[in-house]
Amino acid sequence: MANFVKGNNVILKIWDGSSAYEPIGCLTSNTLSTTTNVMEAQTKCDPNVIIKEGGTTSSEISSEAIFAEAGGGIADYETLFDLVNTISGTNQYWEITTTLPSGATDRKYGFAVIADLEMTSAAGDEFATFSGTLQNSGLVLDVNPKA
């Protein structure tokens, strides 16, 4: 029988600029999406065959979090806002840590530009939230580039 991984055990973090990866806000979700561009051709050598080959690979990470006051070792909305609100943007190292049911930890790493950041604050009995997207530069790694 498979041992399933709970979503709570998959945490997106960004490099704090000096010594550690910090979780982004009080996450409600995060997604890692990897895509390979597919090159296609049909030739007169094989007129009934479509040839497909993998091209470049790209990835992005999206996340949603509840807006929380700074502190407690998290990268809050204000931290991310300061990183994205620059004339030329900034690239950030990131880590996704997955705690497996066995207790082992799987880690993925990358270097990405913060492509967007959005805060939502509705009226009434709802928490303010924020979401953002990191567009990775290069491949997703299994080795910590900051180690």
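Computed from a prediction, not measured in an experiment: that's the story for all the values here.
With a 4.5 Å cut-off on side-chain heavy atoms, Thr133 and Ile61 do not count as touching. Inter-residue side-chain proximity for Leu32 and Ile96 is flagged as met; some heavy-atom pair is nearer than 4.5 Å. Contact of the Ile11 side chain with the Leu27 side chain is registered, since non-hydrogen atoms from C-beta on lie closer than 4.5 Å. Proximity of Thr35 to Thr57: side-chain heavy atoms (C-beta onward) are nowhere separated by under 4.5 Å. A 4.5 Å side-chain heavy-atom check between Thr120 and Phe130 finds every atom pair outside the cut-off. Counting heavy atoms from C-beta outward, Glu22 and Trp15 have side chains that stay 4.5 Å or more apart. Tyr93 has its side chain within reach of Pro145: a pair of non-hydrogen atoms, C-beta onward, lies under 4.5 Å apart. A 4.5 Å side-chain heavy-atom check between Leu80 and Val84 finds every atom pair outside the cut-off.
Within the 6.0 Å centre-distance limit, the rings of Tyr21 and Tyr109 are counted as a close aromatic pair.
A side-chain donor-acceptor contact under 3.5 Å links Thr90 to the backbone of Leu83. Without hydrogens or angle criteria, Ser33 side chain to Ser59 main chain gives no donor-acceptor distance under 3.5 Å. Here the side chain of Asp16 pairs a donor or acceptor atom with the backbone of Ser18 at under 3.5 angstrom.
Taken together through direct or relayed side-chain contacts under 4.5 Å among Ile, Leu, Val, Met, Phe, Trp and Tyr, Val113 and Leu141 form parts of separate hydrophobic clusters. The cluster map of Ile, Leu, Val, Met, Phe, Trp and Tyr, joined by side-chain heavy atoms under 4.5 Å apart, puts Phe81 and Leu12 in the same cluster.
Between atom NZ of residue Lys146 and atom CH2 of residue Trp94 there is a gap of 15.0 Å, rounded to the nearest 0.5 Å. Note that the CZ atom of Phe111 and the CG atom of Leu134 stand 11.5 Å from one another [nearest 0.5 Å]. Atom CD of Gln135 sits about 11.0 Å away from atom OG of Ser62, to the nearest 0.5 Å. A distance of 8.5 Å separates OG in Ser63 from CG in Leu117, rounded to the nearest 0.5 Å. Between atom CD of residue Glu69 and atom CD1 of residue Ile74 there is a gap of 9.5 Å, rounded to the nearest 0.5 Å.
For the residue pair Thr79/Asp76, the side-chain donor-acceptor check at 3.5 Å is satisfied. Between the side chains of Thr97 and Glu95, a donor-acceptor pair is found at a separation under 3.5 Å. Between the side chains of Glu60 and Ser58, no donor N or O sits under 3.5 Å from an acceptor N or O.
Contact between Ala122 and Glu126 at its shortest, heavy atoms only, is CB-OE1, 3.7 Å. The minimum heavy-atom distance linking Gly73 with Pro23 is given by the pair O-CD, 3.3 Å.
Look at Asp142 and Arg107 and you find no salt bridge, because none of the NZ, NE, NH1 or NH2 atoms lies under 4.0 Å from a carboxylate O. Ion pairing of Lys52 with Glu40 is present here, as a side-chain N (NZ or NE/NH1/NH2) and a carboxylate O approach within less than 4.0 Å.
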- Task: Under the side chain to side chain contact (heavy atoms under 4.5 Å, CB included) rule, what do Met119 and Phe67 come out as? Steps first, then yes or no, please.
- Result: CA-CA 8 Å; Met119 180 179 53; Phe67 194 129; 3.3 Å; yes
- Task: Verify side chain to side chain contact (heavy atoms under 4.5 Å, CB included) between Val10 and Val5, making sure each step is shown before the conclusion.
- Result: CA-CA 8 Å; Val10 183; Val5 176; 4.0 Å; yes
- Query: Do Met39 and Asn37 pass the side chain to side chain contact (heavy atoms under 4.5 Å, CB included) test, and can you show the C-alpha distance, the side-chain angles, and the key distance before you say yes or no?
  - Reply: CA-CA 7 Å; Met39 298 180 291; Asn37 294 323; over 6 Å; no
- Task: Using the side chain to side chain contact (heavy atoms under 4.5 Å, CB included) rule, take Ile114 and Gln92 through it: C-alpha gap first, then chi angles, then the decisive distance, then the call.
- Result: CA-CA 7 Å; Ile114 301 174; Gln92 299 298 313; 4.0 Å; yes
